[in-house]
S.K.: 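This is the structure I have questions about; it appears just below.
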Amino acid sequence: MIKLLVYVAIVLLIITIAQLVRVFELAAELKGSKNNEVTYKDHRNQGRMMFGFLFLFMAFCLWQCVKYKDSILPESASVHGVDLDWLMWFNMSFIGIVFVILNILLFYFTYKYYSRPDQQATYYPHNNKLELIWTIVPAAALAVIIILGIKMWNTITEPAANDAIIIELYAKQFDWSARYAGKDNQLGHSSYKNIGGANALGMDTLDAKGMDDIIVRNELHIPLGKQVEFKINSRDVIHSAFMPHFRIQMNAVPGMVTSMHMTPSITTEEMRKRPEVIDQMKRINNLRAKNGLDPYEFNYILLCNKICGASHYNMQMNVVVDTPDQYEIWLAKQKPFLAKN
């Protein structure tokens with residue numbers, strides 16, 4: 001109720017100010033004043049201020065780049081992520097150059113052609129050559145960006161290697177579960193019709209392929225240098241499996257299995273020792289300390305990148321990249337789902 005009254009008060013204040021301005025203008029007209037007439041001096045000042053704003057705006061953009069450059073993600077922890085980072089910086093460089101040139105021209109011409117008493121605007125309605133240039137050049141540039149993007153997309157969605165580790169990522173409001181294909185590297189059949197009790201993923205308990213399937217929550221382990229294929233599914237609404245450090249993301253759609261694959265290139269322990277990661281964790285923990293929170297240790301993470309409900313922020317799972325030996329030791333400690341239930 002208080003918020004509504006505040007909004008009403010703000011609207012009434014704006015209306016009052018507008019009416020007062022109008023009253024002032026009418027009073028000035030009755031007195032024969034020319035205070036509202038836009039003069040050459042006004043145009044010149046506007047033009048100069050626009051030109052000055054250009055320098056302030058560019059300086060602000062540069063300051064933003066310098067201030068937040070250390071907040072970007074660290075080096076990619078997947079093989080394909082190196083190429084994806086190159087593509088991102090290629091696009092950013094291209095867009096940045098266009099952004100700078102466009103704004104310089106925009107504000108420069110605003111200054112150059114402000115209204116002057118001895119100048120008259122030229123009526124120039126159409127030019128086929130110009131139309132052709134500003135249609136073909138952007139289209140060609142966008143085609144290059146799109147083709148490179150499609151090529152990159154295909155590298156993570158094309159069929160995985162035959163010996164890739166198969167893991168199902170199962171999303172529901174508001175958590176993730178991971179199902180490993182077991183020793184036969186084949187996931188057993190599952191259906192929403194089988195969901196109930198301890199069977200949260202709807203596994204078909206009579207399917208022989210699922211007898212050795214392993215289900216884990218809270219922490220996902222994957223081995224260094226081994227291709228992993230993720231089969232992604234959702235129980236309720238559209239979620240999105242996002243692992244920013246590996247540069248992969250794929251929607252989790254109810255009733256549809258989507259997939260992507262990647263090969264981890266840096267273990268969790270190795271990433272924790274990177275100078276840029278140490279600096280980022282130091283800044284994060286300083287902020288946490290100010291809010292009375294415990295220190296945070298770097299982990300790869302699986303997030304939901306769709307706003308899927310009120311507790312969407314809870315949808316995360318730690319991802320641990322082990323050495324192959326560490327992974328085998330961890331895997332040997334896990335029991336198949338059917339053996340535990």
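Quick note: numbers below take in every heavy atom, side chains included, and nothing from hydrogens, waters or symmetry partners.
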S.K.: With the side chain counted from C-beta on, respond yes when F298 and R274 share a heavy-atom pair under 4.5 Å apart, and no when they do not.
M.R.: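 No, side chains not in contact.
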S.K.: For the atom pair CD1 (I104) and CZ (F57), what is the distance rounded to the nearest 0.5 Å?
M.R.: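 Here the interatomic distance stands at 11.5 Å.
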S.K.: Is the centre of the W330 ring less than 6.0 Å from the centre of the Y180 ring?
M.R.: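 Between Y180 and W330, which both carry aromatic rings, the centre distance is below 6.0 Å.
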S.K.: Measure across G225 and T263 and return the closest heavy-atom pair with its distance rounded to 0.1 Å.
M.R.: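 Result for this residue pair: C-CG2, 3.6 Å.
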S.K.: When you measure from the side chain of D213 to the backbone of G188, do you find a donor-acceptor pair of N or O atoms at a distance under 3.5 Å?
M.R.: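 Side chain of D213 to backbone of G188, a donor-acceptor pair under 3.5 Å: yes, one is there.
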S.K.: What orientation do Y114 and Y40 show, parallel under 30°, tilted 30 to 60°, or perpendicular over 60°?
M.R.: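 It falls in the tilted class, 30° to 60°.
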S.K.: Going by heavy atoms in the side chains, are R235 and Y192 under 4.5 Å from each other?
M.R.: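 No, too far: nothing below the 4.5 Å cut-off.
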S.K.: Check whether any side-chain N or O of S76 sits under 3.5 Å from a backbone N or O of F246 as a donor-acceptor pair, and report yes or no.
M.R.: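 Pair absent, no side-chain N/O of S76 close to backbone of F246.
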S.K.: List the steps, then state whether side-chain contact (heavy atoms from CB on, under 4.5 Å) holds for M88 with I72.
M.R.: CA-CA 12 Å; M88 186 196 75; I72 61 176; over 6 Å; no
S.K.: For D184, is there any backbone N or O sitting under 3.5 Å from a side-chain donor or acceptor partner on D212?
M.R.: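 Yes; judged by distance alone, with no hydrogens or angles, the pair exists.
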S.K.: Begin from the C-alpha positions of I284 and M281 and carry the test side-chain contact (heavy atoms from CB on, under 4.5 Å) through to its verdict.
M.R.: CA-CA 5 Å; I284 290 172; M281 289 302 103; 3.6 Å; yes
S.K.: Could you measure the distance from the CD1 atom of I278 to the CD atom of E276? Nearest 0.5 Å is fine.
M.R.: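 Output value for this atom pair is 8.5 Å.
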S.K.: Tell me whether V319 is reachable from V216 by hopping between hydrophobic residues (I, L, V, M, F, W, Y) whose side-chain heavy atoms are closer than 4.5 Å.
M.R.: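 Yes: a chain of side-chain contacts under 4.5 Å links V216 to V319.
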S.K.: State whether the side chain of N314 and the backbone N or O of F174 hold a donor-acceptor pair below 3.5 Å, judged by distance alone.
M.R.: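 No, the answer is negative, given that no donor and acceptor are paired below the 3.5 Å cut-off.
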S.K.: Could you grab the distance from atom NE2 of H221 to atom OG1 of T268, nearest 0.5 Å is fine?
M.R.: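 OG1 of T268 is found 8.5 Å from NE2 of H221.
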S.K.: Using 30° and 60° as the class limits, which term best fits the ring planes of F51 and F55: parallel, tilted or perpendicular?
M.R.: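 Ring orientation of F51 relative to F55: perpendicular.
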S.K.: Measuring only between side-chain heavy atoms, which start at C-beta, is E168 closer than 4.5 Å to I166?
M.R.: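 A side-chain contact under 4.5 Å is absent here.
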S.K.: Do F337 and M211 sit in one hydrophobic cluster, given that two such residues count as connected whenever their side-chain heavy atoms are within less than 4.5 Å of each other, even indirectly?
M.R.: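 The answer is yes; both residues are in one hydrophobic cluster.
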S.K.: For a side-chain contact (heavy atoms from CB on, under 4.5 Å) check, start with the C-alpha distance between F107 and M50, then their side-chain angles and the critical distance, and finish with the verdict.
M.R.: CA-CA 6 Å; F107 288 100; M50 293 290 281; 3.9 Å; yes
S.K.: Can you find a pair of side-chain heavy atoms, one from D83 and one from T155, that are under 4.5 Å apart?
M.R.: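 When only atoms from C-beta onward are counted, T155 and D83 do not touch, as no gap falls below 4.5 Å.
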S.K.: Is the shortest side-chain heavy-atom distance between L201 and S177 below 4.5 Å?
M.R.: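 Yes - at least one pair of side-chain heavy atoms lies under 4.5 Å apart.
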S.K.: In terms of heavy-atom contacts, does CZ of F109 have more than 12 from other residues, nucleotides or ligands at under 6.0 Å?
M.R.: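 Correct, the count exceeds 12.
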S.K.: Please round to the nearest 0.5 Å and tell me the distance separating atom CG of D42 and atom OG1 of T39.
M.R.: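 One finds 3.5 Å between CG of D42 and OG1 of T39.
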S.K.: So which heavy atom on K231 is nearest to which on S259, and how close?
M.R.: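 Nearest heavy atoms, K231 then S259: CD-CB, 4.2 Å.
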S.K.: How far does CZ of F99 sit from CE of M92, to the nearest 0.5 angstrom?
M.R.: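 The distance works out to 10.5 Å.
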S.K.: Under a 3.5 Å distance rule, please check whether N291 uses its side chain to pair with a backbone N or O of L293 as donor and acceptor.
M.R.: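 Not at all, since once roles are kept as given, no pair shorter than 3.5 Å links the two residues.
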S.K.: Which pair of heavy atoms, one from K306 and one from N251, lies closest together, and at what distance?
M.R.: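 In this case the closest contact between K306 and N251 is NZ-OD1, 3.0 Å.
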S.K.: Minimum heavy-atom separation for H239 and S234, please, with both atom names.
M.R.: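 For H239 versus S234, the nearest heavy atoms are CD2-OG, 3.3 Å.
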S.K.: Would you call D163-K226 a salt bridge at under 4.0 Å N-O?
M.R.: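 Yes, this pair counts.
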S.K.: Is it the case that one hydrophobic cluster holds both M260 and V79, taking links as side-chain heavy atoms less than 4.5 Å apart, direct or via other members?
M.R.: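 No, M260 and V79 fall in different hydrophobic clusters.
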S.K.: Could you give me the CA-CA distance, side-chain angles and deciding distance for L220 and L169, then say whether side-chain contact (heavy atoms from CB on, under 4.5 Å) is met?
M.R.: CA-CA 10 Å; L220 171 70; L169 296 178; 4.2 Å; yes
S.K.: Measure the spacing between NE2 of H80 and CH2 of W153 and express it to the nearest 0.5 Å.
M.R.: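 CH2 of W153 is found 10.0 Å from NE2 of H80.
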S.K.: Would you say that L302 contacts F230 through its side chain, given a criterion of any heavy-atom pair below 4.5 Å between the two side chains?
M.R.: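 No, their side chains stay 4.5 Å or more apart.
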S.K.: Check whether N127 reaches the backbone of K129 with its side chain - one donor and one acceptor, N or O, closer than 3.5 Å.
M.R.: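 Present.
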S.K.: Any side-chain heavy atom of H189 sitting closer than 4.5 Å to one from K209?
M.R.: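 Contact flag for H189/K209 side chains = no.
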S.K.: Can you give me the closest heavy-atom contact between M203 and S190, atom names plus distance?
M.R.: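 Closest approach of M203 to S190: CA-CB, 3.9 Å.
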S.K.: Under the salt bridge (Lys or Arg N to Asp or Glu O under 4.0 Å) rule, collect the residues that match up with E158, sequence neighbours excluded.
M.R.: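 With neighbours one apart ignored, the set is empty.
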S.K.: Taking salt bridge (Lys or Arg N to Asp or Glu O under 4.0 Å) as the definition, give me every residue that meets it alongside D85, ordered by chain and number, with sequence neighbours left out.
M.R.: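 Once residues adjacent in sequence are excluded, the partners of D85 under the salt bridge (Lys or Arg N to Asp or Glu O under 4.0 Å) criterion are R247.
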S.K.: Tell me if a side-chain donor or acceptor on T122 pairs with a main-chain N or O of Y124 at a distance below 3.5 Å.
M.R.: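 No, the answer is negative, given that no donor and acceptor are paired below the 3.5 Å cut-off.
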S.K.: Could you see if L224 belongs to whatever hydrophobic cluster contains I248? Use Ile, Leu, Val, Met, Phe, Trp, Tyr and a side-chain cutoff under 4.5 Å.
M.R.: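 In one cluster: yes.
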S.K.: When you group the ILVMFWY residues by side-chain heavy-atom contacts below 4.5 Å and let the links chain together, are V228 and F242 in the same group?
M.R.: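 As far as the 4.5 Å side-chain criterion goes, V228 and F242 are not connected within one cluster.
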S.K.: Considering only heavy atoms from C-beta outward, does the side chain of Q46 approach that of H43 to under 4.5 Å?
M.R.: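 In short, these two side chains do not touch, never coming nearer than 4.5 Å.
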S.K.: Compare every heavy atom of P264 with every heavy atom of I222, then report the nearest pair and how far apart it is.
M.R.: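 Smallest interatomic distance, heavy atoms only, reads CD1-CG, 3.6 Å.
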S.K.: Determine whether a donor-acceptor pair (N or O, by modelled atom type, separation under 3.5 Å) exists between the side chain of E229 and the backbone of A160.
M.R.: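 Between the backbone of A160 and the side chain of E229 there is no qualifying donor-acceptor contact (under 3.5 Å).
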S.K.: Does N233 reach the main-chain N or O of Y170 with its side chain, forming a donor-acceptor pair under 3.5 Å?
M.R.: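 No; zero donor-acceptor contacts below 3.5 Å.
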S.K.: Does atom CD of Q64 have more than 12 heavy-atom neighbours, drawn from other residues, nucleotides or ligands, at distances under 6.0 Å?
M.R.: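 Yes, because the 6.0 Å sphere around CD of Q64 holds more than 12 heavy atoms from other groups.
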S.K.: Closer than 3.5 angstrom, by distance alone: can the side chain of Q280 be matched with the main-chain N or O of D70 as a donor-acceptor pair?
M.R.: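 Yes: the side chain of Q280 pairs with the backbone of D70.
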S.K.: List the atom pairs, with distances to 0.1 Å, where a side-chain N or O of residues 130-139 and a protein N or O form a donor-acceptor pair under 3.5 Å, not counting sequence neighbours.
M.R.:
residue : atom : partner : partner atom : Å
E131    : OE1  : W134    : NE1          : 3.4
T135    : OG1  : E131    : O            : 2.7

